[in-house]
Asker: 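Just passing along the structure, written as structure tokens.
Numbers here simply count residues along the sequence, with the first being 1.
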Amino acid sequence: AAVVEHVPVALVFNPIYQGELLTSVLHRLRKIAPDMHLVSIGFSVTDSQMRELMKLGVRSHINRMFSTPRDVVEILKNLI
């Protein structure tokens, strides 16, 4: 039987847990799937939090206060 390996092309996540855990997970993820597009979604983040997310490879942040579900689709279509 053939083994089929699937590597997702994007991860949409809520960066509510800042700090070492998020940093560790995203670093490991970048090693496993360096081409994966990372998009954070949540409420407002500070400039320093956004800079940290970008250093970890996040390509976009969707602010839930000012967005619709369709925005997630549009951002992913543009990235992929």
Asker: Looking at residues at least two apart in the chain, or sitting in another chain, which of them share a side chain to side chain contact (heavy atoms under 4.5 Å, CB included) with T46?
Answerer: S48, Q49

Asker: Look up atom NZ in K31 and atom CG in L29, then write down how far apart they are to the nearest 0.5 Å.
Answerer: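 Here the interatomic distance stands at 12.0 Å.
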
Asker: Rounded to the nearest 0.5 Å, what separates atom CG in D47 from atom CZ in R51?
Answerer: 5.5 Å

Asker: Under 4.5 Å between any side-chain heavy atoms of I16 and L22, yes or no?
Answerer: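 A side-chain contact is absent here, since even the closest heavy-atom pair is not under 4.5 Å.
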
Asker: With sequence neighbours excluded, what pairs up with K77 under the salt bridge (Lys or Arg N to Asp or Glu O under 4.0 Å) test?
Answerer: E74

Asker: Tell me whether V12 shares a hydrophobic cluster with I75, the cluster being built from Ile, Leu, Val, Met, Phe, Trp, Tyr side chains joined at under 4.5 Å.
Answerer: yes

Asker: Going by the rule side chain to side chain contact (heavy atoms under 4.5 Å, CB included), which residues pair with S67 if we only count those two or more places apart in sequence or in a different chain?
Answerer: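 S67 satisfies side chain to side chain contact (heavy atoms under 4.5 Å, CB included) with I62, D71 once adjacent residues are dropped.
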
Asker: Return the set of residues passing side chain to side chain contact (heavy atoms under 4.5 Å, CB included) with F43 (not counting sequence neighbours), or none when no residue passes.
Answerer: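 Side chain to side chain contact (heavy atoms under 4.5 Å, CB included) list for F43, sorted by chain: R64, M65.
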
Asker: With the 4.5 Å side-chain cut-off for hydrophobic clustering, are L56 and F13 part of the same group?
Answerer: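 Linked, L56 and F13 end up in one cluster.
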
Asker: Only pairs under 3.5 Å count here: list side-chain donor-acceptor contacts from residues 32-40, not counting sequence neighbours, and write none if there are none.
Answerer:
residue : atom : partner : partner atom : Å
H37     : ND1  : R59     : NH1          : 3.0
H37     : NE2  : L79     : O            : 3.3
S40     : OG   : H61     : ND1          : 2.7

